[in-house]
Amino acid sequence: MPRSRGERDKVFVTLGTLQYGFLASNNSRPYRAALGHTAYDNQTGVVFGANSPKPNRATKEVTANDVVSSFCDPGQEATLKADGWIINGGGRRRGLARTPRSRTVFVDMGTYNYGWNLTTGEHQYMAELGIEFASGSTPTLVFGSTPKPPRATRKINGRVVSTFIAPIPAVLTAAETAGWSISDPYGVLPEDA
């Protein structure tokens, strides 16, 4: 049975220490409290569009013609199950890369750590750009979210090197002094995130 989405509102759920933001469909409005949704009103620290981690999804047939399905707060899952909701997913968690060509790295975004894979050839710029290697114990490692860290670009030995940089004023200033061009130093949240 297809889901009726209608209008969508910016909301978030708490996923550990992460505030996971997403667009919730209009038909989930009556169930937002049960799902653990909080309305997004420009609160700081909320990330949108993260590929990993993701919360589980709760689904329920509320009428013969309407199914509600949305991300849910992990703290609400037992109550939702008791009320007839089906919890799907198991939450998506991305694994860390450690290959001869790349490794997973991160920069500290304040309330979470933004992760991506950096090629081995670019590891030499990590200290200069405030980048650290990720491990299984790296707290709140988020992939693909908005806002994203600023990007540092520089032509070195005839080739352009471009990667994320830690959004820390001292790191940004030192990188600019060393010849890096910095774009979007504060990671703006798009209107349609």
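Remember, predicted model here, so these are calculated numbers, not experimental data.
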Exercise for the section: Check the side chains of Thr153 and Ser162 for a donor-acceptor pair under 3.5 angstrom, ignoring hydrogens and angles. Expected result: yes
Handout entry: Side-chain heavy atoms of Val105 within contact of Phe133, under 4.5 Å
Key = yes
Handout entry: Check: Asn65/Thr63 side-chain N/O donor and acceptor closer than 3.5 Å
Key = no
Exercise for the section: Apply side-chain contact (heavy atoms from CB on, under 4.5 Å) to the pair Asp9 and Tyr40, showing each step before the final yes or no. Expected result: CA-CA 8 Å; Asp9 301 315; Tyr40 175 73; over 6 Å; no
Fill in the blank from the handout: Residue pairs meeting salt bridge (charged side-chain N to carboxylate O under 4.0 Å, His left out), one or both in residues 95-123, sequence neighbours left out, come to none
Handout entry: Qualifying residues under side chain to side chain donor-acceptor pair (under 3.5 Å), relative to Ser145, sequence neighbours excluded
Key = none
Problem - side-chain contact (heavy atoms from CB on, under 4.5 Å) between Val161 and Tyr125, intermediate numbers included - result: CA-CA 9 Å; Val161 176; Tyr125 310 114; 4.0 Å; yes
Practice task
For side-chain contact (heavy atoms from CB on, under 4.5 Å), just list the numbers for Tyr112 and Val142, CA-CA rounded to whole Å, side-chain angles, deciding distance to a tenth of an Å, and then say yes or no.
Solution key: CA-CA 7 Å; Tyr112 63 97; Val142 177; 3.9 Å; yes
Exercise for the section: Report yes or no: do Trp116 and Thr163 form a side-chain donor-acceptor pair below 3.5 Å? Expected result: yes
Exercise for the section: Say whether Ile86 and Leu80 are linked into one hydrophobic cluster, either directly or through other cluster members, by side-chain heavy-atom distances under 4.5 angstrom. Expected result: no
Handout entry: Check: Val62 and Val67 side chains under 4.5 Å, non-hydrogen atoms
Key = no
Handout entry: By side chain to side chain contact (heavy atoms under 4.5 Å, CB included) - contacts of Ser181 (at least two apart)
Key = none
Handout entry: pair Leu35-Trp85: side-chain heavy atoms closer than 4.5 Å
Key = yes
Result block: side-chain N/O donor-acceptor pairs under 3.5 angstrom for residues 12-24, not counting sequence neighbours:
{"unit_1": "Thr14", "atom_1": "OG1", "unit_2": "Gln19", "atom_2": "OE1", "d": "3.3"}
{"unit_1": "Thr17", "atom_1": "OG1", "unit_2": "Thr140", "atom_2": "OG1", "d": "2.6"}
{"unit_1": "Tyr20", "atom_1": "OH", "unit_2": "Ala50", "atom_2": "O", "d": "3.4"}
{"unit_1": "Tyr20", "atom_1": "OH", "unit_2": "Lys54", "atom_2": "NZ", "d": "3.0"}

Practice task
Apply the test side-chain contact (heavy atoms from CB on, under 4.5 Å) to residues Ile165 and Val107: give CA-CA distance (whole Å), side-chain angles for both, the deciding distance (0.1 Å), then the verdict.
Solution key: CA-CA 7 Å; Ile165 182 173; Val107 293; 5.9 Å; no
Fill in the blank from the handout: Quick note, salt bridge (charged side-chain N to carboxylate O under 4.0 Å, His left out) partners involving residues 79-88, not counting sequence neighbours, are Lys60-Asp83
Practice task
Mind checking the OG-CZ spacing from Ser69 to Arg57? Nearest 0.5 Å is all I need.
Solution key: 4.0 Å
Exercise for the section: Look at the side chain of Gln76 and the backbone N and O of Ala34, then say whether any donor-acceptor pair between them is shorter than 3.5 Å. Expected result: yes
Completion exercise
dist Ile131:CD1 -> Leu118:CG (nearest 0.5 Å) comes out at 5.5 Å
Completion exercise
Across all chains, not counting sequence neighbours, the side chain to side chain contact (heavy atoms under 4.5 Å, CB included) partners of Thr111 are none
Fill in the blank from the handout: Contacts of Thr120 meeting side chain to side chain donor-acceptor pair (under 3.5 Å) (sequence neighbours excluded), chain-then-number -> none
Practice task
Provide the full list of salt bridge (charged side-chain N to carboxylate O under 4.0 Å, His left out) pairs with a residue in residues 155-172, sequence neighbours left out, each pair given once.
Solution key: none
Problem - From Asp73 atom CG to Thr38 atom OG1, the distance as rounded to the nearest 0.5 Å - result: 7.5 Å
Practice task
List the steps, then state whether salt bridge (charged side-chain N to carboxylate O under 4.0 Å, His left out) holds for Asp41 with Lys10.
Solution key: CA-CA 8 Å; Asp41 189 23; Lys10 289 182 182 180; over 6 Å; no
Fill in the blank from the handout: Taken to the nearest 0.5 Å, the spacing of Ser70 OG from Arg8 CZ works out to 9.0 Å
Exercise for the section: Tell me, yes or no, whether the heavy-atom count around Ile156 atom CD1, taken from other residues, nucleotides or ligands under 6.0 Å, exceeds 12. Expected result: yes
Handout entry: Sequence-distant partners of Glu77, side chain to side chain contact (heavy atoms under 4.5 Å, CB included), two or more places apart
Key = Asn56, Cys72, Pro74, Ile87
Problem - Gap between atom CZ of Arg154 and atom CD1 of Ile182 - 0.5 Å precision - result: 10.5 Å
Exercise for the section: May I ask you to check whether His37 and Phe71 place their ring centres under 6.0 Å from each other? Expected result: no
Problem - side chain to side chain donor-acceptor pair (under 3.5 Å) contacts touching residues 127-138 (sequence neighbours left out) - result: Glu128-Trp180, Ser135-Ser137
Handout entry: Atom of Ala97, atom of Asn117 and distance for their closest heavy-atom approach
Key = CB-OD1, 3.5 Å
Handout entry: ILVMFWY clustering at 4.5 Å (side-chain atoms), partners of Phe143
Key = Leu96, Phe106, Leu141
Donor-acceptor pairs under 3.5 Å, side chain of residues 172-179 to any protein atom, not counting sequence neighbours: which ones?
{"unit_1": "Thr173", "atom_1": "OG1", "unit_2": "Pro169", "atom_2": "O", "d": "3.0"}
{"unit_1": "Thr177", "atom_1": "OG1", "unit_2": "Thr173", "atom_2": "O", "d": "2.9"}

